[in-house]
Amino acid sequence: MKGEHQTLALLLFGVFVAVTLAITTWASRKRHGSAEEFYAGGRLFSPMENGFAIAGDYMSAASFLGISGLIALFGYDGLLYSVGFLVAWLVVLYLVAELVRNCGRFTLGDVVAARMRERPVRIAAGTSSVTVSVLYLVAQMVGAGSLVGLLLGGTSGAAQTWTVIGVGALMVVYVSLGGMRATTWIQIVKAVLLMGGAIALTVLVLVRFYGDFDELLRTAAGRSGHGDRFLAPGLKYGGDWTARLDFMSLGLALVLGTAGLPHILSRFYTVPTARAARRSVVWSIGLIGSFYLMTIVLGFGAAAVVGPDAVRGSNASGNTAVPLLALDLGGGAHSTGGTVLFAIVAAIAFATILAVVAGITLASSAAVAHDLYASLRRRNAKPRSEVAVARIAAAGVGVIAIGLGLLARDLNVAFLVGLAFAVAASANLPVLLYSLFWRNFTTRGAVWSVYGGLLPALVLVVLSPVVSGGPQSLFPGVYFQYFPLENPGLVSIPLGFLAGWLGTVTSREEADEAKHAETEVRSLTGAGAA
């Protein structure tokens, strides 16, 4: 790209960063001494505001960049991510949202500890929440590196490295200074920008093909080099039984993982009532559903307009498909319209990454301070000291995410998020559902459920083709690939549920009937909710 066009794109980046820092500065003037203000924004957001913020939190770099890239490269098989991410919200709406809002205060650990011995349960839930959050953060870091590397005229290692470091530094500033109030407003602004950008690109793609979606699909299939196979299942996940099982594993992780994501669960505490939490989810479903339908058009549009070869040539995992599509739709690489549209889309994608990393970092720092610190150091830690620990934890999480983001920068961001969803579905969802619905669930069952899903998921990822044994692996030069699936969900999710059941039936501890009855009434009616 020409120097002046790079300057324009970087200027738009700078404008958004300046706006978000202004929001953070404004929010930092509010009272942040209380944990409720820092973690939940004082519970003052309306259902519509929280719905937009949830959508902003959920529609990540994986959605905007990764899914469209996978569809552009693999056609029909890439659709699984769009469908899985959307269907998952039905699980959240009907099983989790209202009950979690009633039973907890700030974190997953609150919900589980309501009827268990707090110390072991909070340590387990906090450990799991931080692990899931870091995995999710890595995906955002990789997306940021790919995006700015392309913007600066290539995919040089130096550009990606400094981008990842810069995003990590910004997310620490957002969380440490602004807390949940700043994070929520950043997510709302980002959701509006992202929806506007997606609508504009979708309209331009459909105009290019005169509104004929069939022609769009035929052109995409023709340019793919695979013909009609591009529009049928099996191009990525249908080669053999291993690929088919991987497909099932990924689908299971996507559908069940959302209800276990710490940064999504934490958003239900920013509204005043459980009814408001449910209405927030309804708002978010409308926004998220519309967006994922548009990613289908954008993915096939990138295949038809840009071509899979050009997408793969820019980024092997397809993470730059949407910016390249914008460049072409605006008139091409050497046109003012093309580079302006590219710059706008790149700035929106960058805004997406910054908003999502802020939400995830806040959720993970809350887990460290509210669950781990309060359990391991001082049970009755004062709220002000707990908030101080949360700010320090945000910096620590940022450093870890930066390091892993640099290591995994050549992987597809949607794929990385799929791993985070698998861990969330394996470790967090079983203990959450058991705590809410199983009368006889015990403390041992809760701890075994978390670790029984978390540890197998992590071990299977390490032993999978993601880490070693292939040209696209993190360590292609070594081989310790003993688990054939790229996503561990098909094995680790049942293990999480099985461990919770086994821990409960082998426990000598009797389930506390009174606490279960109290939790049940509280979850269904909201009586006594924070």
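Residue numbers run from 1 in the order of the sequence given.
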Chi angles and distances behind the side chain to side chain contact (heavy atoms under 4.5 Å, CB included) call for F483, V459: CA-CA 9 Å; F483 180 68; V459 169; over 6 Å; no

Please test F52 against Q187 for side chain to side chain contact (heavy atoms under 4.5 Å, CB included), starting from the C-alpha separation and ending with a verdict. CA-CA 7 Å; F52 269 85; Q187 288 163 346; over 6 Å; no

Verify side chain to side chain contact (heavy atoms under 4.5 Å, CB included) between I288 and F291, making sure each step is shown before the conclusion. CA-CA 5 Å; I288 292 168; F291 175 77; 5.6 Å; no

Would you please test D110 and H370 for side chain to side chain contact (heavy atoms under 4.5 Å, CB included) and show each step? CA-CA 9 Å; D110 289 334; H370 188 64; 2.9 Å; yes

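Remark: the R267 side chain and the T184 side chain contain an N/O donor-acceptor pair separated by less than 3.5 Å. For Y58 and T258, the side-chain atoms include at least one donor-acceptor pair closer than 3.5 Å. Between S426 and S492, the side chains place a donor N or O and an acceptor N or O closer than 3.5 Å (distance only, hydrogens not considered).
Between L372 and T127, some side-chain heavy-atom pair lies under the 4.5 Å cut-off. Residues Y136 and V356 are in side-chain contact: their nearest non-hydrogen atoms beyond the backbone lie under 4.5 Å apart. In this structure, P262 and V132 have side chains that are in contact, with non-hydrogen atoms separated by less than 4.5 Å. A heavy-atom distance below 4.5 Å is found between the side chains of T131 and L458. For the pair F421/L256, no side-chain contact is recorded, criterion being any heavy-atom separation below 4.5 Å from C-beta on. With a 4.5 Å cut-off on side-chain heavy atoms, R312 and L73 count as touching.
Nearest heavy atoms, T270 versus N50: OG1-OD1, 2.7 Å. Of all heavy-atom pairs spanning S284 and V281, the tightest one is OG-O, 2.7 Å. Considering all non-hydrogen atoms of both residues, A259 and L432 come closest at O-CD2, 3.6 Å. P323 and F342 make their closest contact through O-CD1, 3.2 Å (heavy atoms, listed as atom of the first residue, atom of the second, distance). Taking each heavy atom of F45 and P272 in turn, the nearest pair found is O-CD, 3.6 Å. Between R122 and G109 the shortest heavy-atom distance is NH1-C, 3.8 Å.
Sorted by first and then second residue, the salt bridge (Lys or Arg N to Asp or Glu O under 4.0 Å) pairs with a member in residues 326-352 read R208-D328; sequence neighbours excluded. For residues 339-362, no pair satisfies salt bridge (Lys or Arg N to Asp or Glu O under 4.0 Å), with sequence neighbours left out.
Considering only residues two or more places apart in sequence or on other chains, F74 meets the ring pair (Phe, Tyr, Trp, His ring centres under 6.0 Å) condition with none of them. Every residue two or more places apart in sequence or in another chain was checked for a salt bridge (charged side-chain N to carboxylate O under 4.0 Å, His left out) with D57, and none qualifies. For S128, the side chain to side chain donor-acceptor pair (under 3.5 Å) criterion is met by N428, not counting sequence neighbours. For A369, the side-chain contact (heavy atoms from CB on, under 4.5 Å) partners are Y39, E386, V389, A390, not counting sequence neighbours. In this structure, the side-chain contact (heavy atoms from CB on, under 4.5 Å) partners of L204, at least two apart in sequence or on a different chain, are L329, L341. Qualifying side-chain contact (heavy atoms from CB on, under 4.5 Å) partners for S290, counting only residues two or more places apart in sequence or in other chains: M195. When the side chain to side chain donor-acceptor pair (under 3.5 Å) test is applied to S82, the partners found at least two apart in sequence or on another chain are T295. Looking at residues two or more places apart in sequence or on another chain, you find no salt bridge (charged side-chain N to carboxylate O under 4.0 Å, His left out) involving E49. Residues that satisfy the side chain to side chain donor-acceptor pair (under 3.5 Å) test with S365, not counting sequence neighbours, are absent from this structure. Looking at residues two or more places apart in sequence or on another chain, you find a side-chain contact (heavy atoms from CB on, under 4.5 Å) between V297 and T202, V205, L206, F213, L216.
How far CG of L108 is from CD1 of I264: 13.5 Å, rounded to the nearest 0.5 Å. Distance check: I67 CD1 to M294 CE gives 12.5 Å after rounding to the nearest 0.5 Å. Rounded to the nearest 0.5 Å, atoms CD1 (I402) and CG (L137) are 10.0 Å apart. Going from atom CE of M48 over to atom CD1 of I188 covers 8.0 Å, rounded to the nearest 0.5 Å. Here the straight-line distance linking atom CG of L194 with atom CD1 of I199 works out to 9.5 Å at 0.5 Å rounding.
With hydrogens and angles ignored, the 3.5 Å screen pairs no side-chain donor or acceptor of K190 with any backbone N or O of I348. In this structure, S364 contributes its side chain and S133 its backbone to no donor-acceptor pair below 3.5 Å. One N or O on the side chain of S464 and one on the backbone of V461 form a donor-acceptor pair closer than 3.5 Å. Using modelled atom types, one side-chain atom of S249 and one backbone atom of G489 make a donor-acceptor pair closer than 3.5 Å.
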